[in-house]
Amino acid sequence: MAAPAAIVIPALKRHTSTVIVAHGLGDSGAGWTFLAHHFTSRQKFPETKWIFPSAPSIPITINMGTRMPGWYDITSFEDLASRSEDEPGILRSQKYFHELIDKEIEAGIPSERVVLGGFSQGGAMALLSGITSERKLGGVFGLSCYLLLREKLEGMVPKSGPNKGTPIFMGHGDADQVVRYVWGQQTAAKLKDLGYGVEFKTYPGLPHSAAPEELDDLEKYLSARIPDLGDKKL
């Protein structure tokens with residue numbers, strides 16, 4: 001089934017960068033538009049276009065096969081190393097995110113001014129899709145998430161390794177009972193072992209959610225990755 005149309009919030013000024021944010025299981029792009037409003041209401045990132053895609057409705061095994069928005073099926077909440085994964089669904093969504101990135105580049109935005117991120121299942125897709133992109137991205141972030149296809153990931157990365165030097169931001173609450181905090185730690189450690197630069201932030205007492213402090217840290221990260229250009233050439 002095709003995914004619903006993404007929600008797009010245009011740049012307030014000249015469009016010089018794009019941030020793509022993927023939602024978690026059962027949510028929609030509308031559920032994360034608050035992020036753009038959080039920043040733009042304070043005159044942050046006025047040159048940034050925000051894209052909030054929505055996943056297609058698919059049967060989710062852990063929810064007794066109930067259909068809901070999902071980037072891929074989840075069959076269990078077992079540890080990362082032992083769980084089975086919906087590889088076809090993951091790869092289908094990976095292709096979709098790569099296409100979103102390509103569309104921004106075709107529209108004239110340099111790949112280094114495109115950031116891909118997400119929360120939970122969306123964060124997992126952002127990490128995988130960002131690392132395996134053939135385009136050199138401006139940044140990749142994952143909130144309350146984990147690493148997909150961890151044993152195959154290295155072989156999925158383009159030989160040129162365009163994003164080996166792309167800084168990755170991860171945030172995770174240590175009270176998360178949905179996506180375990182240790183999974184986030186293990187993901188950051190695995191990425192570092194593969195040679196990626198990861199900034200991993202811990203938020204004490206935070207469950208499976210985002211927090212103001214986390215958004216502040218994300219703002220600092222994005223400010224460094226896609227600073228406003230003003231009158232400078234794109």
Side-chain angles (χ1 to χ4, degrees), residues 6-13 15-55 69 71 97 113-130 137-147 166-189 191-192 196-228:
I7 294 175
V8 177
I9 298 180
L12 297 178
K13 296 182 178 179
H15 177 205
T16 69
S17 63
T18 298
V19 177
I20 302 168
V21 184
H23 64 78
L25 179 66
D27 203 352
S28 68
W32 275 83
T33 56
F34 76 87
L35 188 64
H37 298 308
H38 171 77
F39 292 134
T40 58
S41 65
R42 296 182 296 112
Q43 289 73 54
K44 302 294 183 180
F45 310 114
E47 299 178 11
T48 300
K49 169 185 174 181
W50 298 84
I51 299 178
F52 299 95
S54 290
W71 299 113
F97 285 109
R113 301 277 298 172
V114 177
V115 175
L116 178 62
F119 173 80
S120 194
Q121 195 188 56
M125 279 310 315
L127 292 181
L128 177 79
S129 302
L137 300 178
V140 178
F141 68 87
L143 311 179
S144 305
C145 66
Y146 52 94
L147 194 60
T166 301
I168 298 171
F169 175 81
M170 294 185 65
H172 215 122
D174 63 7
D176 194 330
Q177 296 298 316
V178 178
V179 176
R180 300 174 198 170
Y181 173 63
V182 68
W183 294 351
Q185 291 179 306
Q186 291 170 350
T187 293
L191 291 175
K192 289 178 181 179
Y196 294 93
V198 181
E199 178 185 13
F200 183 85
K201 290 278 191 176
T202 299
Y203 302 96
L206 179 67
H208 193 59
S209 182
E213 182 183 355
E214 185 175 31
L215 298 186
D216 288 343
D217 289 336
L218 180 59
E219 179 182 323
K220 294 174 185 175
Y221 170 77
L222 292 176
S223 295
R225 303 313 310 154
I226 49 170
D228 292 339

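The figures here come from the full heavy-atom set of this structure, side chains too, leaving out hydrogens, waters and symmetry mates.
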E199 side, atom CD; I168 side, atom CD1 - distance, nearest 0.5 Å: 11.5 Å
F119 side chain reached by L35 side chain, heavy atoms, under 4.5 Å: no
Separation of F169 CZ from L127 CG (nearest 0.5 Å): 11.5 Å
Close side-chain approach of F45 to S223, heavy-atom, < 4.5 Å: yes
Option passing ring pair (Phe, Tyr, Trp, His ring centres under 6.0 Å) with H23 (candidates W71, F52, W32): W71
Side-chain heavy atoms of R113 within contact of P227, under 4.5 Å: yes
Sub-6.0 Å ring centroid separation between Y146 and H172: no
Pairs meeting criterion salt bridge (Lys or Arg N to Asp or Glu O under 4.0 Å) with involvement of residues 170-183, two or more places apart: D79-R180
Closest approach of L206 to A211 (non-hydrogen atoms, all atoms of both residues): CD1-CB, 3.7 Å
Nearest atoms (heavy-atom pairs only) where S120 meets G24: CB-CA, 4.2 Å
Residues which pass ring-ring contact (aromatic ring centres under 6.0 Å, His included) with H15, listed by chain and number, not counting sequence neighbours: none
Heavy-atom closest contact (L116 atom, S129 atom, distance): CD2-CB, 3.7 Å
From I51 atom CD1 to I9 atom CD1, the distance as rounded to the nearest 0.5 Å: 10.5 Å
Polar side-chain atom of Y181 near backbone of T202 as donor-acceptor pair, under 3.5 Å: no
side-chain hydrogen bond (donor to acceptor under 3.5 Å, both in side chains) contacts touching residues 41-50 (sequence neighbours left out): T16-E47, S17-T48, H38-R42, R42-E219, K49-E104
Derivation and outcome, side chain to side chain contact (heavy atoms under 4.5 Å, CB included), residues F141 and V19: CA-CA 10 Å; F141 68 87; V19 177; 4.1 Å; yes
Residue pair G118 / A126: nearest heavy atoms and the distance that separates them: N-CB, 3.8 Å
Which atom of S209 lies closest to which atom of S144, heavy atoms considered: O-OG, 3.8 Å
Closest contact, heavy atoms only, A188 versus V198: CB-CG1, 4.0 Å
D217 vs Y203 side-chain heavy atoms within contact, under 4.5 Å: yes
Value rounded to 0.5 Å, distance of CE in M170 from CG in L147: 8.0 Å
